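Every chain is numbered from 1, with letters handed out A, B, ... down the list of sequences. Note that this is a predicted model, so its numbers are computed, not measured.
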Number of protein chains: 2
Amino acid sequence: MTAAEAVEAIQREMTAFARRARASAGRMHPELSLVSYTLLGHLEERGGCRATDLAAHYALDKSTVSRQVAALERAGLIERRVDPDDHRVQVLHLTGAGRQLLAQVTESRRAAFRERLADWPDEDLARFAGYLIRYNAWTPPGTTDA
Amino acid sequence: MTAAEAVEAIQREMTAFARRARASAGRMHPELSLVSYTLLGHLEERGGCRATDLAAHYALDKSTVSRQVAALERAGLIERRVDPDDHRVQVLHLTGAGRQLLAQVTESRRAAFRERLADWPDEDLARFAGYLIRYNAWTPPGTTDA
DNA sequence: ACTTCAAGTTGTACTATACAACCAGATCGG
DNA sequence: CCGATCTGGTTGTATAGTACAACTTGAAGT
């Protein structure tokens, strides 16, 4: 495979993957969309953050985040705590139920990935993971990374 | 990196990629969504096929495909030819304009990928491509692949 | 010929998304 | 201190993509 062919294949395969991801994610976990899952994961990882931070991080409009957050709150998965220092900001936190559902969905996603990758040699797994991390870490030139 | 960690990382990175792909595809090419692009690509590759085939291949509802196809036809990118052997069937073909737009978007996507992968050693490109192909080729056990 | 099957279309509904207009709290220059 | 401006967030409106169900039309089997 030449370098040009490889780039071509990477493009094709990443596109194919992206095409399927949302649909299959939706079918796997009707109760938690890919976006919601990602937002909950971010909250867990950071231990709470503002809606504006989520919007910036995922390149979503603040209105979109606002509605997602409202839905997650309605579902009892997150709660808002008004920042005492600045009454405009609401710091978002996972609730117990949110943490639990997140763990559950994460586990089931992990199981699906494990099955899919079951017969890969360890060395290939590590290299593939490394490539993906490297691929995703790339930022367009001139971008100040946040 | 242990195998378990690698699986974890692959899951995380593939999810992150999927999350961004649609949005960025939409921003790059407002005139051709990721789905439309994929459908056009399929037509080009196969040299024409039925709407039902597209639906089956991409796990989309036939109504969804019907509307996508209608939009592509309205845009003058594809045309329908009734199958003389079975008047229910419409074989879809790219038009000249469709072929041209597809080529143009493909080229611009390719340039973006090339830029992103510019400083990867050839060997890594080939291996990454191979992993992606292998990853996407997987089908759930018990599935008769079409 | 009647029934059943297959390809597509259309009606309806829902989700995710963006943009624009807006509200409310914070901050800064006078 | 006060109006101008900035920032975080919500709401109104519009659009795209999707699914499911009902329907239409043509094909095939008994």
Side-chain angles (χ1 to χ4, degrees), chain A residues 15 18-40 48-75 78-93 146, chain B residues 15 18-40 43 48-75 77-93 146:
Chain A
T15 304
R19 194 189 341 101
R20 290 180 207 159
R22 247 172 225 246
S24 70
R27 276 189 269 279
M28 270 200 295
H29 304 289
E31 75 283 10
L32 200 59
S33 76
L34 191 56
V35 174
S36 298
Y37 174 73
T38 306
L39 297 184
L40 289 188
C49 74
R50 303 176 307 162
T52 296
D53 298 336
L54 293 176
H57 194 82
Y58 296 115
L60 292 170
D61 191 81
K62 59 186 180 162
S63 67
T64 302
V65 173
S66 174
R67 287 183 232 267
Q68 291 283 336
V69 163
L72 291 173
E73 189 191 30
R74 261 197 312 280
I78 66 176
E79 62 184 18
R80 319 182 192 219
R81 302 183 193 155
V82 172
D83 182 342
D85 294 349
D86 184 340
H87 281 211
R88 291 170 307 176
V89 316
Q90 311 170 359
V91 183
L92 306 172
H93 290 271
Chain B
T15 304
R19 196 187 342 100
R20 291 178 206 162
R22 247 171 225 247
S24 70
R27 277 189 268 280
M28 269 199 296
H29 304 289
E31 74 283 10
L32 200 59
S33 76
L34 191 55
V35 173
S36 299
Y37 173 72
T38 305
L39 297 184
L40 290 189
L43 288 185
C49 74
R50 303 177 305 161
T52 297
D53 298 336
L54 293 175
H57 193 83
Y58 295 115
L60 293 170
D61 192 81
K62 58 186 181 164
S63 66
T64 301
V65 173
S66 175
R67 287 183 230 268
Q68 290 285 334
V69 163
L72 291 173
E73 189 190 29
R74 260 198 310 281
L77 303 176
I78 67 177
E79 61 184 17
R80 318 181 192 219
R81 301 183 194 154
V82 173
D83 182 342
D85 294 349
D86 184 340
H87 282 212
R88 291 170 307 176
V89 172
Q90 309 172 0
V91 183
L92 307 172
H93 290 270

Which nucleotide in the set C:dA18, C:dT9, C:dA26 lies at the smallest distance from any side-chain heavy atom of B:Lys62?
-> C:dT9
So does B:Arg67 reach the base of C:dT12 with its side chain, donor to acceptor, closer than 3.5 Å?
-> yes
Look at the side-chain N and O atoms of B:Ser66 and state whether any lies under 4.0 Å from the OP1 or OP2 oxygen of C:dT9.
-> yes
Stepwise, does the side-chain contact (heavy atoms from CB on, under 4.5 Å) test hold for B:Arg50 with B:Gln90?
-> CA-CA 6 Å; B:Arg50 303 177 305 161; B:Gln90 309 172 0; over 6 Å; no
Under the side-chain contact (heavy atoms from CB on, under 4.5 Å) rule, what do B:Leu72 and B:Ser36 come out as? Steps first, then yes or no, please.
-> CA-CA 8 Å; B:Leu72 291 173; B:Ser36 299; 3.9 Å; yes
Euclidean distance, atom CZ of residue B:Arg80 to atom C1' of C:dA7 [Å, nearest integer] | 12 Å
Atom-pair distance (CG on B:Asp83; C1' on C:dA7), nearest Å | 11 Å
How close or far is atom C1' of C:dC23 from atom NE2 of A:His87, stated in whole angstroms?
-> 17 Å
Check the side chains of A:Ser66 and A:Ser63 for a donor-acceptor pair under 3.5 angstrom, ignoring hydrogens and angles.
-> no
Contact nearer the 5' end of DNA chain D, comparing B:Ser36 with A:Asp86 = A:Asp86
Of the candidates D:dT10, C:dT17, D:dG17, the side chain of B:Val35 sits closest to D:dG17
Can you check the B:Glu73 CD to C:dG8 P distance for me, whole Å?
-> 13 Å
Under 4.0 angstrom between A:Arg50 side-chain N/O and D:dG8 OP1 or OP2 = yes
For the side chain of B:Thr38 and the backbone of B:Leu34, is there at least one donor-acceptor N/O pair under 3.5 Å apart?
-> yes
Atom-pair distance (CG on B:Leu39; P on D:dT18), nearest Å | 9 Å
For the pair made of CG in A:Leu72 and C1' in C:dA16, what is the distance, rounded to whole Å?
-> 13 Å
Rounded to the nearest angstrom, tell me the gap between atom CG in B:Asp61 and atom P in C:dT10.
-> 15 Å
Rounding to a whole Å, what distance do you find between B:Gln68:CD and D:dT18:C1'?
-> 9 Å
With respect to the phosphate group of D:dA19, does any side-chain polar atom (N or O) of B:Thr64 fall under 4.0 Å of OP1 or OP2?
-> yes
Can you tell me if the side-chain N/O atoms of A:Thr52 get under 4.0 Å from OP1 or OP2 in D:dG9?
-> yes
Look at the side chain of B:Arg88 and the base of C:dA6, then say whether one donor and one acceptor between them are separated by less than 3.5 Å.
-> yes
Take B:Cys49 and B:Leu54 through the test side-chain contact (heavy atoms from CB on, under 4.5 Å) and record every step on the way to the result.
-> CA-CA 8 Å; B:Cys49 74; B:Leu54 293 175; 3.7 Å; yes
